[in-house]
Amino acid sequence: MGFPLIPQGVFRSIYHIDKRELARQGIKLLLADLDNTLACYGQREPDRQLYHWVQDLKEHGIQVFILSNSRKPDRVSTFAGALGVPFRGRAYKPFRRGFLAALEQMGCRAEEALMVGDQIFTDIWGANRLGIRAYLVEPLQLAGNPGRYLRYAVETPFRELGRKRGGR
Ligand SMILES: [Mg+2]
């Protein structure tokens, strides 16, 4: 997998990822971060575009599973329930157990899974250290929390290296 902090691709949003290409590569499970990847912090309901994205992935033979570090009660279950996808909150990315539980629940091997998230040190690192490929997306919203800007700055070299590997 190479250096585990460098994503295999960097995309402007989840909607810029080519689903047909994923299917061609044998991906069957898309592990998706929730906050700032699928939805803004505090957004309780999925929008129509996201709903259609999930349906379209299904038609390509790819299941979506939300793997979130959110510790807010009901945050992940409410959102995932509305979207109709399985989930795990308090996943403690980058630790292994959340990833492994998701793979086991979905009956997939690491090589069949792809992690998509907005953070290097949780989403990308956690996936890559288990041999799961990982795409980085630009965070939906940095405003509202100064810590997010700082983290984004720290992540910049890894994001730039990932960009050279692919994405759009
Ligand atoms: Mg996130």
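Whatever order the structure lists ligands and atoms in, that order sets their numbers, starting from 1.
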K.L.:
Within 45 degrees of the axis of the six-membered ring of Tyr152 and under 6.0 Å from its centre: does Arg159 put its NZ or CZ there?
P.N.:
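Yes, Arg159 and Tyr152 form such a contact.
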
K.L.:
Tell me how many protein N, O or S atoms are within a distance shorter than 2.8 Å of the Mg ion (ligand 1).
P.N.:
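Total protein N/O/S atoms under 2.8 Å from the Mg ion (ligand 1): 3.
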
K.L.:
Is any side-chain N of the basic residue among Arg168 and Glu21 closer than 4.0 Å to the acidic one's carboxylate O?
P.N.:
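Not counted as a salt bridge, because no side-chain N and carboxylate O are separated by less than 4.0 Å.
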
K.L.:
Would you find a donor on one side and an acceptor on the other, under 3.5 Å apart, between the side chain of Asn128 and the backbone of Pro4?
P.N.:
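Yes; judged by distance alone, with no hydrogens or angles, the pair exists.
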
K.L.:
Is there a side chain to side chain donor-acceptor pair (under 3.5 Å) between Gln55 and Glu59? Walk through the geometry before answering.
P.N.:
CA-CA 6 Å; Gln55 299 311 312; Glu59 280 161 30; over 6 Å; no

K.L.:
Is there a side-chain contact between Glu112 and Ile27 in this structure, where contact means two heavy atoms from C-beta onward sitting under 4.5 Å apart?
P.N.:
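A side-chain contact is absent here, since even the closest heavy-atom pair is not under 4.5 Å.
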
K.L.:
For Leu5, what are the other residues in its hydrophobic cluster, where any two members join if their side-chain heavy atoms are less than 4.5 angstrom apart?
P.N.:
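Same cluster as Leu5: Phe3, Ile6, Val10, Ile120, Phe121, Ile124, Trp125, Leu136, Val154, Phe158, Leu161.
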
